[in-house]
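Working notes for the structure below.
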Amino acid sequence: MRIGVLKESAPRERRVALTPDAAARLIKQGSSVAVERGAGAGAHYPDAAYEAAGCTLVDSAEAESADLVVAVRRPTAERAARLREGAVLVALSAGDPGEALAALNGRRVTVLALERVPRITRAQSMDVLSSQATVAGYRAVILGAEALPRFLPMLTTAAGSITPAKALVLGAGVAGLQAIATARRLGAMVTGFDVRAAAAEQVESLGARFLAPEAVAGDAETKGGYAKELAEEQQQKVLEAVAGAIGQADLVIATAAIPNRPAPRLITTAMVESMKPGSVIVDVSAETGGNCELTRPGETVHHADVTILGPLDLPAGMPQHASQMFGRNVQTLLDHLAPKGALTVDLDDEITGAMCLAHEGTLRHRGNG
Amino acid sequence: MRIGVLKESAPRERRVALTPDAAARLIKQGSSVAVERGAGAGAHYPDAAYEAAGCTLVDSAEAESADLVVAVRRPTAERAARLREGAVLVALSAGDPGEALAALNGRRVTVLALERVPRITRAQSMDVLSSQATVAGYRAVILGAEALPRFLPMLTTAAGSITPAKALVLGAGVAGLQAIATARRLGAMVTGFDVRAAAAEQVESLGARFLAPEAVAGDAETKGGYAKELAEEQQQKVLEAVAGAIGQADLVIATAAIPNRPAPRLITTAMVESMKPGSVIVDVSAETGGNCELTRPGETVHHADVTILGPLDLPAGMPQHASQMFGRNVQTLLDHLAPKGALTVDLDDEITGAMCLAHEGTLRHRGNG
Amino acid sequence: MIPHVLAELGYLLASACFIVGLKRLGSPATAPAGNRLSAWGMLIAVVVTLLDTQMVSWTAIVIGLVLGSGIGLWMARTVQMTSMPQLVALLNGFGGAASVLVAGAEFLRSELAGEAIPPETGVVIQLSLLIGAVTFSGSLIAWAKLQEVMTGKPITWPGQKLMTGLIALGIVGLAGWQLTDAASLLPAFYTVIGLAVVLGVLLVIPIGGADMPVVISLLNSYSGIAAAMTGFVINNHVLIIAGALVGSSGIILTRIMCKAMNRSLANVLFGAFGQTAGTGGAIGASSEGLTVRSVSAEDAAVQLAYAQQVIVVPGYGLAVAQAQHVVRELADLIEKNGGTVRYAIHPVAGRMPGHMNVLLAEANVPYDKLFDMDAINDQFEQADVALVIGANDVVNPAARSDPASPIYGMPILDVDKAKSIIVMKRGMNPGFAGIENALFYHPRTAMLFGDAKGSLSALVSEIKAL
Amino acid sequence: MIPHVLAELGYLLASACFIVGLKRLGSPATAPAGNRLSAWGMLIAVVVTLLDTQMVSWTAIVIGLVLGSGIGLWMARTVQMTSMPQLVALLNGFGGAASVLVAGAEFLRSELAGEAIPPETGVVIQLSLLIGAVTFSGSLIAWAKLQEVMTGKPITWPGQKLMTGLIALGIVGLAGWQLTDAASLLPAFYTVIGLAVVLGVLLVIPIGGADMPVVISLLNSYSGIAAAMTGFVINNHVLIIAGALVGSSGIILTRIMCKAMNRSLANVLFGAFGQTAGTGGAIGASSEGLTVRSVSAEDAAVQLAYAQQVIVVPGYGLAVAQAQHVVRELADLIEKNGGTVRYAIHPVAGRMPGHMNVLLAEANVPYDKLFDMDAINDQFEQADVALVIGANDVVNPAARSDPASPIYGMPILDVDKAKSIIVMKRGMNPGFAGIENALFYHPRTAMLFGDAKGSLSALVSEIKAL
Amino acid sequence: MSEGIIIGIVIFTLATFLGFELIQRVPPTLHTPLMSGSNAISGITIVGALVVAGGGFGWISTVFGIGAVAFAMMNVVGGYAVTDRMLRMFSKDGGGK
Amino acid sequence: MSEGIIIGIVIFTLATFLGFELIQRVPPTLHTPLMSGSNAISGITIVGALVVAGGGFGWISTVFGIGAVAFAMMNVVGGYAVTDRMLRMFSKDGGGK
Ligand SMILES: NC(=O)c1ccc[n+]([C@@H]2O[C@H](COP(=O)([O-])OP(=O)(O)OC[C@H]3O[C@@H](n4cnc5c(N)ncnc54)[C@H](OP(=O)(O)O)[C@@H]3O)[C@@H](O)[C@H]2O)c1
Ligand SMILES: NC(=O)c1ccc[n+]([C@@H]2O[C@H](COP(=O)([O-])OP(=O)(O)OC[C@H]3O[C@@H](n4cnc5c(N)ncnc54)[C@H](OP(=O)(O)O)[C@@H]3O)[C@@H](O)[C@H]2O)c1
Ligand SMILES: NC(=O)c1ccc[n+]([C@@H]2O[C@H](COP(=O)([O-])OP(=O)(O)OC[C@H]3O[C@@H](n4cnc5c(N)ncnc54)[C@H](O)[C@@H]3O)[C@@H](O)[C@H]2O)c1
Ligand SMILES: NC(=O)c1ccc[n+]([C@@H]2O[C@H](COP(=O)([O-])OP(=O)(O)OC[C@H]3O[C@@H](n4cnc5c(N)ncnc54)[C@H](O)[C@@H]3O)[C@@H](O)[C@H]2O)c1
């Protein structure tokens, strides 16, 4: 199997879909890997490293012509049109505008959407959502600490005592838990908040306090471990709980999300105005609209002496390790798709089936793509 | 005594010399405090807070006309010219261009330079260099973590294992030690480096490894606990030691300094070129020229896939707590200068004498100002 | 014959040997020497007796000595290491029988010679007979249960307790009659012995096989008392001293053993009647009829204290218990004892990527002691103990072997290859994946139940106390 | 008079009271009850004796009882708490004297009545006299040293050892002569007693006042043996049992006391001759002639285990020792024992701002247990123990009182207001400021020398072992 | 009651107290050896057995004597030997260490 | 040697062993009370003193008897009383606790 690695073209996207290390593992299994020149530069993987790993460095056209093309984000329509007929494309395909997919399908390209890896134990090592959320949770705290006009840890000094910062983490999924851990490492007093009952123990297992919204827990979790969208009345309780806690917080990391839905609104303008001067909100959910009413995706908003960050490129901001993890996920997935280098797309397979958006000219999973 | 608090005018200077809390303590001792409107805004201390603390909010002219004027940085020549004859000015006066001081002296203003507080035990609580270096050391790591394309902590995940980052801290003074502590908190493996022999124990007391330059230690320390400038040959040994360690480092925090001298050069261009792709240098000493040859003060340099930060505004970047500590230092100093609100400038006093650059028309400490 | 004073001093020396020997038996370092010292004491006692007593005939002595030593030595040499407990039971029973025979001989001699037995001598003879006989038959039953000659399950029937009580009463009555009535009462004598043998059987039969060690220890204590009573009968101090020593130290040992099993002595002896086998049974049996082996912190501590290579496998339970600092403490302790400790971090242990790293970093566990799965998996075979702390799915062999399992295909930590496995968790709850874990039923696995933090603290204290 | 059998049983009961009482005296919770039980035993023994013995005359008995009880009670009631050890010494001496008198009376009685004393009785009488007399005079010297009636310093002179040896030899010789020669040897008898009294003086006089408790404990053991010998003389078992108990348990206690002082018994008894006062002296004296009081981890552990309020004052030494995790462990343990632990953080403790915060955060000490100087300084008065770990300058009272000191004017933590202060450091080195610290010479301060991590670990083990 | 019995009781009492104190903390691995070792000590009945066997009381001595000596001796010899075997496992290579 | 002495030696030996075992770990605060309490027990010489004092051996009984009883009684009464005083300090409010 010949694998092509594309250089990303989206703005601020510094990741690469396959690192030299991951590529080397695939080559060992019998594949050949063609890497577009400069693909890893943004993530600090120089071309030389790919060469050393046994890849061939190629121009973009050649990378596009591989049997299987991997990229972090789905390539532009222009590049997609250059894919080989019957090729397989593995990439994130979020926010699918329909058209691009249709075009690919027209060329009978098999499209495997990385964000659709099912969250079963066996597929954990292929799950880019988890790995990139880990980066996002860590990085959100670093960005928050940078934006804060104060220390996170407690400090008793000759120039007076610095009280520890209070951090509030909304949503205790993968990113939220990582944020909790990172903020605690830096010495903040951390409170975690989630609607899923199982989150309480997980938050406490990191040494943080859990804030339980009244009368919501229990039925807020789907079978897959995700949160459901809440009924009006429940949503009200959640808002009350957040409102009660946010006034004390110096740093808020908002990571609440519901799959395939806009992010739940948890922080209203009034709540922002009740916060202490100088406090900071990092809205990790900005991409899906943000947990905060005032969030503007990709921008930094100042409101009532509160700073609201809406970063869109959290994992891409830490491209070296984000790519390392992404690449490892992709490599494990390819090992699964093509054991010993021979590619077969088996739609009955639990993982492949769930990921596949287009195959042999047929679109799949339209309803919840 | 009437104390005037100026609003800072330097670009990026967001600190304020007296916080509402510190002002309240002075007022309790019998002074009155006039705060220039908006002085605390940059540090997230709103005017209302000053009012609540018992200060009067005034325009700039009125603040300038106080008996004792405090500011973070020495005011512009223009503003200085408006100070009352015989007034006392308390501020940082670093990089004194001579002229400004002469002008102040001409108006018989007593100038007390905050960076000249002697490093004796009794004066520790007035020592803004220590308090601001604390902020700088912490913040340098936060900035470094933000600029790094990788994690600091170790992480074993389904997407592979992330090795912990290696941090190298050059100079284990106040800022360096704080940087060591912060990097360790974030999970990095930290090595500290200094020429003073006493630093070894201090670095190890933070759980970090100490790297001793060969045959330098011992006589590299002055009586005051500072480092001396090194002889050519010693300097060579130091460079060798740094060169030997820097190739492994992902993050370098450079804080080495020698009082009243340009920062020692510890990182050459060749060393930067020997570093791993994606690594980051935060040069805390940028203000005095930087420990790294390539540092450009106030700018970010990319060289050979290494990012070199030369931040000039480290404490100002965390204005709320930096101001809190600064204000506490200033307040303790004023308590010392004017016990119970009655100001006397006693040049025989160990602390006042050391700080005073100009008094009753006479310039002092010219040689090492 | 030697002067009696010398004999007394010889016996005293023998007693001192028993005392010091017994004390030394209590700690691993000194136990072998202690046992040898006590054996010397026994030799001294025998020699002194042979020199001191007016021996009318040597035949019986020689026959008995040769026979007894030969059989004893042969049994000790040939017994399987795993059958030790039943051998001890058997030997103990012989001791009881010897007491019965000595006291019986004394009784018969006086009786047949028509001598009046003074009441206090009568009492001690009766006690010697009674306790000896109970020890004898009880020990044989214990042996039979352990040897699986009879079922190891408790044997109970309605009215059993009443029956036992009646027999005991009968013995007391008959013995009293014998004492008060000066006339020769040989039938009563034999009846008492017979009833005592039955009593021994009745007392042990309702106790389960797993509790036999405690029963043997108790019977051992009895046999000591029987020996002491024999000492009263023949008015010999070394018998009294040695017997009393064994009697009381045996009681203490029995209590220690019960405590190690987290049970009371009463529960061991009469537990079967209540029909509640205690908490142990409730969690003891899996759906497929396999059983888990539960271990006490004390026992686990001994294993860890003497282990050369320990691999700690932390899981989500460690995080829930927030036991990261204690685990570090335990590791430090093991290393101080000369072992090495490594941590095996599974990629998905815990509930977020890097969960275990965060915890262990907090406890300042050096990075170079953390190993990821690929690096450590072939090290388990050399590990003396794999200490699984609150981990479940990540050590579930179903991932390797059971294609129907939801975790099939996930690589796991090969803890089951370790020489011994200790699993710490609160109960038998499944982990995240909600499935059973065959590791817990593995023959080399011991479960240390309880909150991980509590269990780890207990281990630390126990190791320090060793 | 009661039947002798009853008396024997009464004595046995008394002995049992002593045994159980003595055992209970070894642990704080049971000690008061233990002492009372042993007192009951004594009462039983006295009553049994009065009932059992054919009392020819009661006058001596009544006079003696009234006199002895009165004086004893008066002394026990009026003695200062601080003079307890010398009272014990005195009482112990009286015990020795009583043994001398009893044995002496036996000897004189036989001697005057012209009865031949069998050799074994002679030996025990001699032993009783000898040990009793040594105990008597030795105890009086110990009392005098402690009461400061005579100097507490060791008194030695050249040839002292030789002299002691010769006297001991003389005693043996005379005693032997008395035994072998059947003739009345009253002068020899009195000479032996006289020499034994001198021997007691000679044995104790070269030992320093600070070591007197060990000496008293040893003499106490002797007086037990004397009592046992008296038991042989009058052929009474309760005397033998109680005396032997005291004799052997006294030896063990002496050894424990020596271990607590980190010395060997030989060093205590003969140390003065070597003229090296051990390591303790080297660091014991400050330049101004003040002395520091060093404490063992065992002692400090007891203080902490029973403390209600503990304030920990960490300093740079804690960081150097990297003892943050152990200090947390210790605190947990104290809290488990019912105490509260707070941490007093001085603004400049350590070598960088917030140094202590970083450390304690690493050990996961909750923020609400950390107090800054202003918040905690008025709490020290209520603290049972202030535990200063590797801090020096920040607790130096010179900052308050000595204008010449480089640290004058720096606010410090008021640890010297605490009810008791334990300072942990490696030696008497000064801190950052390079100046001496009067706190270490404070009467309520005890120094626990050693690396902070080691000392803290030791404290943890000791508290767990209590 | 005879003096002999009284003294016996005294000695019995003391030895019983002593037995209670001798055994304090025993690591579980030593439970079985300790039990076995103390069981061997209870074979001290051999002293009584020898007295009976050598006493020359006719058939009583022969029957009861041989039996008592043989049983007691099995207890003694078997007990010490098997204890020794168990204990040897703990040293160096075998068993727990 | 008389049987009485022999039995005395046996009893003495057992009691000595018992004494060694009774005291194991004693917290330092208990050192003095324990010493004092066992010192009181050594006042058991009172039994001998009473025998002497009540024995009617003329002046020996009077002089030695009164002395012995008085000394022993001081040891006993003073010893128990002072031990009790010390121990009471440990409970509840006083002293260490
Ligand atoms: N790492 C990740 O990123 C991630 C994310 C989501 C899900 N997961 C999943 O989580 C699982 C992780 O496996 P794991 O082995 O670490 O954990 P696990 O399989 O969830 O098992 C944890 C065990 O710890 C025990 N436990 C809980 N609290 C305890 C306490 N206080 N003291 C002692 N034991 C306690 C529980 O048993 P008792 O109740 O009987 O005590 C439980 O069986 C995997 O299935 C993985 O797929 C991982
Ligand atoms: N916090 C800051 O920002 C800062 C900065 C610079 C200077 N300072 C100065 O540093 C001092 C801090 O006071 P401090 O009380 O924390 O410390 P300190 O006065 O420096 O005393 C520390 C003591 O700890 C002992 N020690 C060292 N290692 C030890 C170990 N391993 N185990 C046990 N003890 C050990 C040393 O005595 P032994 O050698 O006898 O054991 C020493 O006396 C002040 O004078 C302050 O002015 C503070
Ligand atoms: N293979 C696996 O076993 C595996 C892998 C990764 C994650 N997971 C599990 O999947 C779950 C979700 O992970 P995720 O991070 O992708 O989730 P996510 O990104 O979809 O959501 C983030 C968090 O927001 C929370 N949330 C949603 N609505 C909320 C509201 N109104 N208020 C507060 N919180 C709200 C959710 O409960 C979730 O915890 C977790 O339980 C995680 O442990 C399982
Ligand atoms: N009042 C007090 O007691 C007090 C207060 C604050 C600081 N101090 C002490 O003052 C000293 C210096 O503090 P600072 O942070 O202001 O110092 P600084 O900012 O002047 O220098 C920072 C560090 O750089 C080091 N350095 C200089 N040249 C070097 C070279 N060529 N290579 C490597 N390292 C080099 C110095 O040794 C120093 O540790 C420290 O010992 C500190 O503990 C004392």
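Worth saying up front: this structure is predicted, and the values here are computed from it rather than measured. To find a chain, count down the sequence lines: A is the first, B the second, and so on, and within it residues start at 1.
Counting all heavy atoms, side chain and backbone alike, D/V348 lies closest to A/A158 at CG1-CB, 3.6 Å.
Chain A is approached within less than 4.5 Å, heavy atom to heavy atom, by D/N364, D/Y367, D/L370, D/D372 from residues 358-381 of chain D, ordered by number. Contacts of residues 390-404 of chain D with chain A at a heavy-atom distance below 4.5 Å are absent; not one residue qualifies.
Neither the backbone nor the side chain of A/R185 comes within less than 4.5 Å of any heavy atom in chain D.
In this structure, the separation between OG1 on A/T157 and CE on D/M352 is 11.0 Å, given to the nearest 0.5 Å. Summarising the geometry, atom OG1 belonging to A/T156 is positioned 3.5 Å from atom CG belonging to D/N357; distances are rounded to the nearest 0.5 Å.
Heavy-atom pairs under 4.5 Å with chain D were tallied for A/S161, A/A159, A/P164; the largest tally goes to A/P164.
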